[in-house]
Amino acid sequence: MRVLVISHTYIVDLNCEKLRALAALSPDLEVTVVVPQRWRPGGVQNRIIEPEPREEGRFRIVPVGNFSENNQGLLCFGPGLIALLKETRPQVIQVEQGAKSLAYAQAITLNRALGLRAKNVFFTWWNLPYQVKFPVSWLEAYNLRHTHGIVAGNQDGADILREHGFSGPIRVMPQLGVDERLFQPQPQPELAAKVGLAPEAFVIGFVGRFVAEKGLLTLWQALAALKDHPRPWACLMLGRGPLRQQLEAQARDWGICDRIHFIESVPHTEVPHYINLMDALVLPSETTAEFKTLTSAGWKEQFGHVLIEAMACKVPVIGSDSGEIPHVIQEAGLVFPEGNATALAERLRSLLDNPSTQAALAQKGYERAMTHYTNRALAQQLLDFYHELGAAP
């Protein structure tokens, strides 16, 4: 099977592991990844990424000249894409830029014009209800009409696309998996001492941005409720963001500042070391709006990748019920109503009081991560979906 994937995501080599794993599943698989020749991450004017072509057996990265260097929706490609489609004659074309992207419309049109008969697939993370007006409404309708299958990063995204009229197959799975070679159980006694964590302390951890929508104020209230718990505990906060000063001030006011350990963001390869210091990881995200328009912003958790990283390290996870979090955790961790500090404190207390529960959830989370969320597991799910769509083997 010849698969062509188009996305700016894969200008970062670390993000390519799932597609490498896909190419390795069978000697009959060839995976070609199209990335923009020039890209400005986040629209930063002084930072330009110009990826190099790479070929690794049946997997290769091909940069193609592009229009728009920092807008995902407006990204599209020059004549190089036509030449590549003629050369590879893919049986699956997957564009990971969303339902309303020009790149996807371009791929659909070229697929038809060149008579390739490839299955059209797109990936989306979008998980907030939305309305569109002409000409975007026409673009989305054209894309959905010619789509054979959709990969949605979350169940909310799948439900929204149903509401927008798509009745074909949808597979819910994240765009990127967890690297079990990097994220694995690894005791870190020297790092724990360096951070200042007492050996007997139960470590509650958070990894991410210090912003209100991540539910950190709710986490702080829950920690304050545990102030007098007989078992010693500490909180490890890995990340950065504008909320840090407020968090530090409240910790002082509530008398828990000596238990809080802030660590600035570290390289991705070091994140597993810090996760392995934790006895529980908390993702207390809070939805800021349930609807998105062109004039108002909204947010709810699209997936929560740190959850599967912690699971792979055999660290029990606790998450709010914002967005995809409960679907990721299922029975392999604990879930609480978002914004409910009392409920979060109860979930934390259940682990503090019951080491056997902590151990059982650690094992369940690990098994779920290995079964569903490694790059190889996701690659197999993707291949199964292509077969479901009727793509040639």
Side-chain angles (χ1 to χ4, degrees), residues 1-11 15-36 54-64 72 75-77 80-125 142-153 157-158 161 166-177 375-393:
M1 182 188 301
R2 298 180 300 277
V3 179
L4 185 109
V5 179
I6 301 173
S7 177
H8 75 289
T9 298
Y10 302 111
I11 60 174
N15 293 344
C16 297
E17 293 306 313
K18 176 192 70 182
L19 299 179
R20 283 194 178 92
L22 176 63
L25 288 178
S26 167
D28 298 323
L29 274 164
E30 297 177 7
V31 179
T32 302
V33 183
V34 174
V35 295
R54 295 194 299 281
E55 188 159 352
E56 306 166 12
R58 299 186 307 276
F59 171 82
R60 62 173 174 159
I61 301 284
V62 182
V64 174
Q72 298 181 40
L75 173 66
C76 55
F77 296 88
L81 182 59
I82 299 174
L84 187 60
L85 287 169
K86 287 180 177 179
E87 173 198 338
T88 58
R89 300 197 67 81
Q91 293 153 308
V92 175
I93 299 175
Q94 179 162 317
V95 181
E96 303 194 355
Q97 304 292 151
K100 305 182 291 295
S101 76
L102 285 177
Y104 188 47
Q106 181 184 26
I108 289 170
T109 303
L110 291 175
N111 184 12
R112 300 175 69 196
L114 297 173
L116 301 176
R117 296 187 175 181
K119 300 300 181 182
N120 295 316
V121 179
F122 74 85
F123 174 89
T124 182
W125 276 117
Y142 175 81
N143 287 347
L144 293 179
R145 188 166 64 250
H146 295 287
T147 292
H148 297 97
I150 295 171
V151 181
L161 289 165
F166 184 75
S167 59
I170 300 179
R171 179 65 61 99
V172 177
M173 56 179 280
Q175 188 178 30
L176 307 175
N375 286 303
R376 193 183 190 285
L378 293 181
Q380 186 63 59
Q381 291 177 48
L382 199 55
L383 181 58
D384 293 344
F385 188 53
Y386 294 158
H387 287 153
E388 179 185 337
L389 299 180

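All values below were derived from every heavy atom in this structure, side-chain atoms included, with hydrogens, water molecules and symmetry-related copies excluded.
- Annotation: the span from N15 atom CG to E96 atom CD amounts to 10.0 Å, rounded to 0.5 Å.
- Interatomic distance, E388 CD to K119 NZ, rounded to the nearest 0.5 Å: 11.5 Å.
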Query raised in the report: Run the side chain to side chain contact (heavy atoms under 4.5 Å, CB included) check on L383 and M1 step by step: do they pass?
Result: CA-CA 10 Å; L383 181 58; M1 182 188 301; 4.0 Å; yes
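- Residues Q94 and Y386 have side chains that bring a donor and an acceptor to within less than 3.5 angstrom of each other.
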**Report entry** Check against side chain to side chain contact (heavy atoms under 4.5 Å, CB included), R171 and V121
**Finding:** CA-CA 11 Å; R171 179 65 61 99; V121 179; over 6 Å; no
Query raised in the report: Step by step, would you call M173 with V151 a side chain to side chain contact (heavy atoms under 4.5 Å, CB included)?
Result: CA-CA 7 Å; M173 56 179 280; V151 181; 3.5 Å; yes
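- In this structure, L4 and P90 approach most closely via the heavy-atom pair CB-CB, 3.8 Å.
- When all heavy atoms are compared, the tightest approach of A99 to N143 is O-ND2, 2.9 Å.
- A391 and Q91 make their closest contact through CB-O, 4.4 Å (heavy atoms, listed as atom of the first residue, atom of the second, distance).
- Atom CG of D384 and atom CG of L389 lie 11.0 Å apart (nearest 0.5 Å).
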Requested in this report: Quick one: do S7 and F123 satisfy side chain to side chain contact (heavy atoms under 4.5 Å, CB included)? Show the steps, please.
Outcome: CA-CA 10 Å; S7 177; F123 174 89; over 6 Å; no
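- Contact check for I6 versus F77: side-chain heavy atoms found under the 4.5 Å cut-off.
- Considering only heavy atoms from C-beta on, R376 comes within 4.5 Å of L25 through its side chain.
- Here the side chains of I150 and L144 are in contact, with some heavy-atom distance below 4.5 Å.
- Between L81 and V64, the shortest heavy-atom contact is N-CG1, 3.6 Å.
- Side-chain atoms of N120 never come within 3.5 Å of backbone atoms of I108 as a donor-acceptor pair (strictly under, hydrogens ignored).
- Panel note: side chain R89, backbone R2; no donor-acceptor pair is recorded below 3.5 Å.
- When atom types are taken as modelled, the side chain of N111 and the backbone of R117 share a donor-acceptor pair closer than 3.5 angstrom.
- The structure places CG of N375 at 13.5 Å from CD of Q380, a figure rounded to the nearest 0.5 Å.
- In this structure, the side chain of Q97 engages the main chain of H8 through a donor-acceptor pair within 3.5 Å.
- Atom OG1 of T147 and atom CD1 of I170 lie 10.0 Å apart (nearest 0.5 Å).
- Of all heavy-atom pairs between I11 and P36, the closest is CG2-CD, 3.9 Å.
- Counting all heavy atoms, side chain and backbone alike, C16 lies closest to F59 at CB-CZ, 4.0 Å.
- Note: R60 CZ to E30 CD = 8.0 Å, rounded to the nearest 0.5 Å.
- For the pair V3 and L19, the minimum side-chain heavy-atom distance is 4.5 Å or more.
- Counting only heavy atoms from C-beta outward, the side chains of L22 and V5 never approach each other to under 4.5 Å.
- The ring pair (Phe, Tyr, Trp, His ring centres under 6.0 Å) analysis of residues 96-122, with sequence neighbours excluded, yields the pairs Y104-F122.
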